[in-house]
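Okay, structure first, notes after.
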Amino acid sequence: IHGLAAGALRSSGLLQAALPEIRALHDAGFGVALGLLWLGRVVYLYHGNPQRPLEENLAAHVSWDPQDSSIGQVLTTRAPFATVPGSIAVTVGDPPIAGLALMGGSPADVPLLTAAAGRIAARLR
C-alpha cells in the first residue's frame with residue numbers, strides 16, 4: 001500500500017507542483033487544502049492547519065461528500081469559486097483536476113487563491 005501511494009503521488013506531479021504554493025499560504029498563516037474528486041468523494045492530498053507543521057498535514061484528513069466541501073462544490077459546479085461555511089475554493093487546471101481552498105477564507109481571497117492555482121497548473125504543464 002505504501003509503495004502504491006508513493007508511486008501515485010509522485011507520478012501525478014500534482015502534490016509536487018502544489019507544495020510551493022501550499023507552503024507560502026501555510027507560512028502566511030492560512031489553513032489550506034488541496035483535494036480532488038475520486039469515487040464520488042473529495043479526497044485531500046493536503047489539509048492543513050497553520051499551527052501544525054506542514055508535513056503533518058499531508059494526506060491527514062478524511063474524505064468528504066462533495067456537497068459539504070468547498071473543493072467538492074467548485075469541482076462539481078465548475079463555478080469560479082465556491083464556499084461552504086468556513087472555506088472557499090477555486091479550481092486548479094483547465095479542465096479542473098483539483099481544488100485549492102482556504103479555511104476561513106472569504107470572497108476577498110479569490111484573487112490570491114486563483115493566482116496560486118494558476119501557478120500550480122503552470123507547473124503541471
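FYI, side chains are in, hydrogens and waters are out, and symmetry mates aren't considered; it's all heavy atoms of this structure. For reference, positions follow the sequence shown, starting with 1.
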Which atom of Phe81 lies closest to which atom of Ile88, heavy atoms considered: CD1-CD1, 3.6 Å

Taking side chain as C-beta onward, heavy atoms only, is Ser69 less than 4.5 Å from Val84? no

State, yes or no, whether a side-chain contact exists between Trp64 and Ile71 at a heavy-atom distance under 4.5 Å. no

Would you say that Asp68 contacts Val42 through its side chain, given a criterion of any heavy-atom pair below 4.5 Å between the two side chains? no

Using the test side-chain contact (heavy atoms from CB on, under 4.5 Å), find all partners of Leu54 that sit at least two apart in sequence or belong to another chain. Leu19, Ile22, Arg23, His26, Tyr46

Under the side-chain contact (heavy atoms from CB on, under 4.5 Å) test, residues paired with Arg119 that sit two or more places apart: Glu21, Ala115, Ala116, Arg123

By side chain to side chain donor-acceptor pair (under 3.5 Å), which residues pair with Ser87, not counting sequence neighbours? Ser70

So, using side chain to side chain donor-acceptor pair (under 3.5 Å) as the criterion, who are the partners of Asp65 when residues are at least two apart? Arg41

Taking the side chain as C-beta and beyond, is there a heavy-atom pair between Leu58 and Leu45 under 4.5 Å? no

Which residue pairs satisfy the salt bridge (charged side-chain N to carboxylate O under 4.0 Å, His left out) criterion with at least one member in residues 26-35, sequence neighbours excluded? none

Nearest 0.5 Å please: distance from the CG atom of Leu14 over to the CG atom of Leu34. 5.0 Å

Residues which pass side-chain contact (heavy atoms from CB on, under 4.5 Å) with Thr91, listed by chain and number, not counting sequence neighbours: Val74, Leu75, Pro96

Could you give me the CA-CA distance, side-chain angles and deciding distance for Leu100 and Val32, then say whether side-chain contact (heavy atoms from CB on, under 4.5 Å) is met? CA-CA 7 Å; Leu100 183 67; Val32 184; 4.0 Å; yes

Calculate, to the nearest 0.5 Å, the distance between atoms CE and CG belonging to Met103 and Asn49 respectively. 7.5 Å

